[in-house]
K.L.:
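Right, I'll just put the structure down here and ask away after.
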2 protein chains.
Amino acid sequence: MSAEFFEDPDGTREQILAATYHTLCEHGYADLTISRIGEEFEKSPSLVYHHYESKDELVLECLEFMIDRFEHRTTDDVDQPRERLEEFFGWLLESNIEVERQQFIALLVELRTLASRDESYRRQFLRSDQVLERYLSNLLNSGIERGEFRECETEQVAAYVLTTLTGVMLRRSTHDIDPAWLEDVRAELEAYLEARVYRE
Amino acid sequence: MSAEFFEDPDGTREQILAATYHTLCEHGYADLTISRIGEEFEKSPSLVYHHYESKDELVLECLEFMIDRFEHRTTDDVDQPRERLEEFFGWLLESNIEVERQQFIALLVELRTLASRDESYRRQFLRSDQVLERYLSNLLNSGIERGEFRECETEQVAAYVLTTLTGVMLRRSTHDIDPAWLEDVRAELEAYLEARVYRE
DNA sequence: CCGTTTTGATTGAACGTTCAATCAGTCCGT
DNA sequence: ACGGACTGATTGAACGTTCAATCAAAACGG
């Protein structure tokens with residue numbers, strides 16, 4: 001997810017952005033230092049300030065980029081709504097995921113908590129939630145039009161499912177890998193969808 | 001919630017703990033400093049080290065205390081399971097809540113993210129989740145015995161509902177007060193419970 | 001095509017601040 | 001006068017940020 005760009009960035013500014021992303025994933029926001037970013041892309045830490053105003057600006061741009069990437073990836077393609085839907089939450093509900101995904105999820109949650117005290121982060125996550133919510137309701141509407149889903153308040157369902165998935169992220173980012181509760185949540189989420197969304 | 005003790009602590013050690021709690025609520029973990037704790041309880045900041053090993057030990061003890069309090073408060077009393085259940089998630093789903101509750105929720109989420117990199121915090125939140133999960137399944141079992149709820153996998157439902165509520169906490173801690181999605185989530189959660197738990 | 005100038009990238013050293021933790025010494029009840 | 005409670009000053013490390021200096025390459029003028 002949103003990792004392609006960060007693998008072979010061209011231009012120094014982009015390399016710094018990619019290095020920031022990787023450092024964030026590995027060490028988290030709390031332990032992010034300019035010198036660690038320097039280590040990551042093998043240049044002097046002070047070079048960062050030749051391309052960016054401040055550490056915060058850098059992190060925010062990184063976050064914005066991540067959200068943008070996801071946005072461009074979702075807006076289209078609402079064929080096969082049920083498969084898309086299961087794919088969507090499957091990405092979060094799989095057990096035994098790789099370390100990178102685990103770290104990425106934890107990073108998103110950690111950055112999100114910054115929003116409670118910082119206006120700029122709040123804006124980003126507000127937008128991110130809107131993007132996801134629109135994608136989900138599009139999926140639901142498409143399913144209803146095709147007769148695969150039953151009539152329902154799509155925005156309400158979208159907000160609800162998204163909240164649950166946000167909860168999955170937070171619990172995942174704290175608990176051990178492959179916890180037992182994951183299967184429970186998946187099963188009960190399926191049951192909810194059967195009861196409220198899917199047409200039997 | 002778990003605020004009684006922190007209002008009139010006796011003994012210096014307890015005063016420090018209470019001051020830590022209040023400072024945490026007001027400034028969050030990231031901006032918690034020893035001197036800010038000192039300001040809060042009107043003694044010298046260095047006194048902290050006369051009673052506690054380190055800052056981390058202090059915060060951990062504070063968190064442990066919060067969880068303990070909640071534990072003692074829940075284990076009994078599973079009469080009127082439906083009312084208890086609604087009261088339980090009502091506390092998180094009310095709109096227009098006071099600043100203190102908002103801050104308390106944000107604090108819990110912020111501390112929780114520490115768990116991804118720190119074993120000690122992970123243990124605490126693992127325990128906290130177990131406490132909540134047991135409380136919820138007790139409620140559900142009690143409801144089933146009384147014939148108010150239908151037969152279901154209580155642990156599975158408990159894990160699922162708790163995950164959703166965790167998501168509510170995370171979204172609440174980031175978004176503005178009184179957001180529109182809250183009512184959506186509440187309505188859809190009710191619908192889920194009607195469909196899967198409550199006997200009509 | 002050569003020499004000069006300009007520009008942007010890059011570096012290492014240094015500064016100023018913040019903060020956890022320490023310590024030597026004072027206060028005070030018994 | 002002894003011991004625990006308490007304080008203010010201090011230390012040392014970490015870190016964001018600045019800055020003067022270097023370097024490579026491009027642009028340019030003759």
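Sequence lines set the chain letters: A, B, ... in the order given, protein chains first and strands last, and positions in each chain run from 1. The analysis underlying the following values was restricted to heavy atoms, covering all of them including side chains, and did not include hydrogens, waters or symmetry mates.
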K.L.:
Could you state the CZ-P distance from Phe41(A) to dA9(C), rounded to the nearest angstrom?
P.N.:
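Answer to the nearest Å: 12 Å.
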K.L.:
In degrees, rounded to 10°, what is the bend between the two ends of the helix from dC1(C)-dG30(D) to dT30(C)-dA1(D), using five pairs at each?
P.N.:
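It comes to 20° between the two terminal axes.
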K.L.:
Less than 4.0 angstrom from a charged side-chain N to a carboxylate O is my criterion; do Arg36(A) and Glu26(A) meet it?
P.N.:
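Salt bridge flag = no for Glu26(A) with Arg36(A).
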K.L.:
Scan side-chain atoms only and decide if Thr163(A) and Arg171(B) contain a donor-acceptor pair under the 3.5 Å cut-off.
P.N.:
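Present: a donor and an acceptor within the cut-off.
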K.L.:
Measure the distance from CG on Leu47(A) to P on dC19(D) and round it to the nearest whole Å.
P.N.:
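The distance from CG of Leu47(A) to P of dC19(D) comes to 17 Å, rounded to the nearest Å.
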K.L.:
Within this structure, what is the CZ-to-P distance between Arg13(A) and dG8(C), rounded to whole angstrom?
P.N.:
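These atoms are roughly 15 Å apart.
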K.L.:
Would you say dA5(D) has OP1 or OP2 under 4.0 Å from some side-chain N or O of His50(B)?
P.N.:
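For His50(B), the contact criterion (side-chain N or O under 4.0 Å from OP1 or OP2 of dA5(D)) is met.
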K.L.:
A side-chain contact here means heavy atoms from C-beta on lying under 4.5 Å apart; do Arg112(B) and Met169(B) qualify?
P.N.:
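They are not in side-chain contact.
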K.L.:
His27(B) NE2 to dC19(C) C1': how many Å, rounded?
P.N.:
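Rounded to the whole Å, the gap is 15 Å.
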K.L.:
Using whole Å, report how far CD of Glu57(A) lies from P of dG16(D).
P.N.:
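Answer to the nearest Å: 15 Å.
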K.L.:
Can you classify the ring geometry of Phe88(B) versus Phe70(B) as parallel (below 30°), tilted (30 to 60°) or perpendicular (above 60°)?
P.N.:
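Judged by the thresholds at 30° and 60°, the geometry between Phe88(B) and Phe70(B) is tilted.
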K.L.:
Are Arg13(A) and Tyr52(A) in a cation-pi contact, defined as NZ or CZ under 6.0 Å from the six-membered ring centre and within 45° of the axis?
P.N.:
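Yes, a cation-pi geometry.
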K.L.:
In whole angstrom, what separates Glu39(A)'s CD from dT10(C)'s P?
P.N.:
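That distance rounds to 18 Å.
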K.L.:
Show your reasoning for whether ring pair (Phe, Tyr, Trp, His ring centres under 6.0 Å) applies to Phe65(A) and Tyr21(A).
P.N.:
CA-CA 10 Å; Phe65(A) 192 89; Tyr21(A) 173 77; 8.9 Å; no
K.L.:
Return yes if some donor-acceptor pair links the side-chain N/O of Ser116(A) with the main-chain N/O of Ala106(B) below 3.5 Å, else return no.
P.N.:
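No, the answer is negative, given that no donor and acceptor are paired below the 3.5 Å cut-off.
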K.L.:
What string of B, S and - do you get for nucleotides 20-29 of chain C 5' to 3' if you count protein non-hydrogen atoms under 4.0 Å?
P.N.:
SBB-------
K.L.:
Can you classify the ring geometry of Tyr121(A) versus Tyr29(A) as parallel (below 30°), tilted (30 to 60°) or perpendicular (above 60°)?
P.N.:
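Tyr121(A) and Tyr29(A): perpendicular rings.
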K.L.:
Please identify each residue that fulfils side-chain hydrogen bond (donor to acceptor under 3.5 Å, both in side chains) with Arg84(B), with sequence neighbours left out.
P.N.:
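Applying side-chain hydrogen bond (donor to acceptor under 3.5 Å, both in side chains) to Arg84(B) gives Asp77(B), Glu87(B).
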K.L.:
Which whole-number value in Å describes the distance from Tyr52(A) OH to dG16(D) C1'?
P.N.:
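Distance check: Tyr52(A) OH to dG16(D) C1' gives 17 Å.
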K.L.:
Report the distance from atom CD of Glu42(B) to atom P of dG8(D), rounded to the nearest whole Å.
P.N.:
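About 12 Å, once rounded to whole Å.
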